[in-house]
Amino acid sequence: MQEWANQLCENRQFGSKMTDSKYFTTTKKGEIFELKAELNSDKKEKKKEAVKKVIASMTVGKDVSALFPDVVNCMQTDNLELKKLVYLYLMNYAKSQPDMAIMAVNTFVKDCEDLNPLIRALAVRTMGCIRVDKITEYLCEPLRKCLKDEDPYVRKTAAVCVAKLHDINAQLVEDQGFLDTLKDLISDSNPMVVANAVAALSEIAESHPNSNLLDLNPQTINKLLTALNECTEWGQIFILDCLANYSPRDDRESQSICERVTPRLSHANSAVVLSAVKVLMKFMEMLPKDLDYYGTLLKKLAPPLVTLLSAEPELQYVALRNINLIVQRRPEILKHEMKVFFVKYNDPIYVKLEKLDIMIRLASQANIAQVLAELKEYATEVDVDFVRKAVRAIGRCAIKVEQSAERCVSTLLDLIQTKVNYVVQEAIVVIKDIFRKYPNKYESVIATLCEHLESLDEPEARAAMIWIVGEYAERIDNADELLESFLEGFHDESTQVQLQLLTAIVKLFLKKPTETQELVQQVLSLATQDSDNPDLRDRGYIYWRLLSTDPVAAKEVVLAEKPLISEETDLIEPTLLEELICHIGTLASVYHKPPSAFVEGSRGVQHKRLTSSAGSGESVESPDTGSAAVSEAPPTVIPSQGDLLGDLLNLDLTPPTSTGPPPTTAPGMQLGAMDLLGGGLDSLIGDESEPPPIPLRTDTPQSPQPPHQSPSPPHYSPTELGGDIGGSPAMGTGFGAPPAAMPASFNAPISGGLDDLFDLGGGGGLTMGTYIPPKSVWLPAMKAKGLEISGTFVRRSGVIQMEMTLNNKAMSVMSDFAIQFNRNSFGLAPAGPLQILTPISPNQSIEAALPLSTVGPVMKMEPLNNLQVAVKNNIDVFYFSCQYPISMLFLEDGKMERQVFLATWKDIPNENESQFQIKDCHLNSDAASNKLQGSNIFTIAKRTVEGQDMLYQSMKLTNGIWVLAELRVQAGNPNYTISLKCRAPEVSQCVFQNYETVLKN
């Protein structure tokens, strides 16, 4: 595509001054026949005009492949413009007409020996772009000549052609010795040839990481640095990226390279600047910090990075993401440039948030007063997201710079007094972190926080406040009343709040046992018997058993002294940071993820590390030592950062066949590390043979028994139950043991075992048609002066339509119809006017179909799929509301990749999961899958567990929201269970209703 664009641009230079738009306007019939005649014309001008028309037709998507032989015949010309146009056509159609393309080979070979270097380069470039195996063997000889051509323009074009040919047939390139020729071109006298040779070798090396094609040595590096000063900006980027892969022998060589690369920092192209920064950041690792040049280099790096922030917002964002990495590695580079990162009023929100993050990273005792003044100003802005981040930033300053903590707390209290709801809630969340960093220092503010208890409506703020009340219960006289007020709506709270409330009440009980026994019994009963959430039930049972068997241990665990939170909780892990520094100026530095996380397959994914000097204190392993260490290390349960979720799909998780005793926990492993409280997918991919801490039975749960009747449970020492699950002494009398039995559903595999998700079972067959709801009356005649409107919504070929029947039950003629929608949840709006071209006579009805778009104004409706409509005619304006099935908004490209599905399911918080029952449905799983696919609900995978089919499905809404589903179908059971996960959980109810409607109709 790039080649095509280049050639089109070049063709403009040869065209006449008058516009070429006329070639795109013709739509007459029989055009192909006319073009065929013109292409075979004897007149050169007519032939050129015909080829231009062919290219224009090809550009707008018309199929002109039938003209292939006629266009190829036009190659025999000395007109450069015509030759370029024909080559352009060949590149596009050679793949679909490989046999015909062979006809052009002789002309290519001949053109490669033309006297004009432009034609020679054009011929070899076009041959490289024609990805047809039959032609590649003919390309070898002309390519070999062009690689040694006397003209540098031809040589640089041929260098890139080698990379293209390698992509088509790698073995052929190696056999013909082109790689050696390419290596020789690095010593070429022309800098652009050198740059293209480096680019081609780098491209080939990416697909063959172990080939050692770019055998960099000091002599080669010297040649590259010489070419760096003279080639174009993109050539400089190729060379700088290549230099970044070199490991200098010592600090002297490292300094020498840095000195020669430093002038690139003043380049006008931001990509060149970032590539130069990458090279310098890497080679600085080799320089001793006491070296004078090291300090000079730090000073030289700051101005170009600051200059990047004066570009347009998109470039600023990329620069800020890269600066974020640089600051984490070497904050001293920009420590005096704090003012540059102060937010401007017209900065887009994404730039503001990134600047805020960097401000915190650069905050120190020297500039904290300045930073706090700015942050307090930001906290009064109108942008809610930005204000929230600013309030959190104040809390991070308090944690990072201890001397500023008191001033930060005072600032937060001032913000709380503004009584702006979201400001108050964010302030409470960060004050909780300050309490954890500086225990027993600022607790005097608790009374002020408790005054705002009623206004908290966000889960994170409620959970933070509950933690504070539980942690400092002995200092709050009415702590039991405060926690009891939260308990009243326990089942309506989010999981985060429920878990925190459970722990807080247990803490309160351990501190004031005589006053709160009834309260703790109530919360444990709610958590273990009335809750469907496995995380909550797990924690409830653990607390119950702990309190009933060993109160002293409970107190030691729950009220144990907590470690102080670290200063920077969001720093990138050091080894990942090193790898990202090596990818500065690429997508990896913007995503803050290694390439392996978003580049599919092995191509282009190489793990890079910064080179450390011998005296830096960091050990540098030789390749041999590293590989030996890896092979001897025991297998780990948690995948490395680079692997992410990739290999989870390959795990064999079938039950073990041996009947021997299950493996015991390693002595050093704590139960707290077994995700007792996390649940989610991790529990599904762990060792399921571990004996559960509480005996499981399949009978119904029993009420708590008195201590003397309960079976003796295993003893848990504080070390076994480590983590933040809590426990402590003070009681032991009158506290019931946990029920020995648990609900039957507790034995069932949660979420159907997503670990084995991609064993696709059956589920084939043809998809059924889309379900279309029957028309219903939206506007009765009695409410609209005789106009009755009934209708439904359909989705056909990706277009949403509102199909209506308008019935005139009045005595007069109706005409001049128009329609308008109110703002709605998904931006539905008419894509055109309501087409009712003829008046509607009395007792006459007419059908109308109104196409809809999803780019209208958005406002959340209740229910979410409610649509308010106004219809105008010659009589009056009438209003009605209707509800559209949410499947109308499901896109045809809603089938998620399997790995992405698993990663997304795990990434969405558990509190966003909703579970529903679909009753009286008599379809098997295959029929259900086919029926749902008609509504763009796509089955990713199917597996069967103990006779129950699990369908894992995805759908994508027009506003980009993904909904993931797990549908459980039991043979012979007419009731289905569906679990839905979505980042916007309010959508789940509508999606469930849609499932129910589609499956039952």
Side-chain angles (χ1 to χ4, degrees), residues 436 439 466-467 469-474 479-480 483 498-529 534-564 664-679 683 690-696 704-742 746:
R436 287 196 60 190
I466 290 167
W467 182 88
V469 174
E471 190 68 16
Y472 301 100
E474 70 279 9
D480 53 341
L483 293 178
Q498 289 176 334
L499 289 167
Q500 201 59 261
L501 189 55
L502 173 60
T503 302
I505 290 176
V506 171
K507 285 179 184 175
L508 175 64
F509 174 67
L510 293 169
K511 292 173 182 178
K512 302 178 181 178
T514 53
E515 304 162 32
T516 55
Q517 186 163 329
E518 190 179 327
L519 188 62
V520 81
Q521 286 273 15
Q522 187 184 350
V523 76
L524 287 173
S525 176
L526 285 168
T528 56
Q529 294 178 23
D535 299 346
L536 189 62
R537 290 203 322 225
D538 279 356
R539 191 181 290 198
Y541 277 113
I542 290 166
Y543 283 155
W544 199 324
R545 182 152 298 233
L546 194 57
L547 293 169
S548 62
T549 56
D550 193 345
V552 177
K555 194 160 193 173
E556 288 175 13
V557 173
V558 180
L559 299 183
E561 197 169 316
K562 292 169 185 59
L564 301 181
T664 55
T665 310
M669 182 179 176
Q670 296 181 342
L671 267 168
M674 287 176 59
D675 199 18
L676 285 170
L677 310 178
S683 61
E690 188 76 38
I694 301 171
L696 302 182
Q705 303 294 323
H708 65 276
Q709 292 180 356
S710 64
S712 58
H715 175 77
Y716 288 86
S717 71
T719 53
E720 286 174 315
L721 276 166
D724 188 31
I725 56 176
S728 171
M731 80 310 294
T733 56
F735 192 86
M742 298 174 90
F746 211 4

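Atoms CG and CD1, from Leu483 and Ile505 in turn, are 5.5 Å apart once rounded to the nearest 0.5 Å. The OH atom of Tyr472 sits 8.5 Å away from atom NZ of Lys511, with the distance rounded to the nearest 0.5 Å. To the nearest 0.5 Å, the span separating CD on Glu471 from CG on Leu559 amounts to 8.0 Å.
Taking both residues in full, the closest heavy atoms of Ala479 and Leu508 are given as CB-CD1, 4.1 Å, listed atom of the first, atom of the second, then distance. Between Thr528 and Gly540, the shortest heavy-atom contact is CG2-C, 3.6 Å. Closest heavy-atom contact between Leu501 and Ile466: CA-CG2, 3.6 Å.
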Next on the checklist: Between Lys507 and Trp467, is the side chain to side chain contact (heavy atoms under 4.5 Å, CB included) condition met? List the steps.
Outcome noted: CA-CA 10 Å; Lys507 285 179 184 175; Trp467 182 88; 3.7 Å; yes
Can you list the steps and then say if Arg539 with Leu499 is a side chain to side chain contact (heavy atoms under 4.5 Å, CB included)?
CA-CA 8 Å; Arg539 191 181 290 198; Leu499 289 167; 3.7 Å; yes
- [ ] Begin with the C-alpha distance, continue with both residues' side-chain angles, and end with the deciding distance and a verdict on side chain to side chain contact (heavy atoms under 4.5 Å, CB included) for Leu547 and Leu524.
- [x] CA-CA 11 Å; Leu547 293 169; Leu524 287 173; 4.3 Å; yes
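Checked against side chain to side chain contact (heavy atoms under 4.5 Å, CB included), Ala527 has the following partners two or more places apart in sequence or in another chain: Leu502, Leu536. A search for salt bridge (Lys or Arg N to Asp or Glu O under 4.0 Å) contacts involving Glu515 returns nothing, not counting sequence neighbours.
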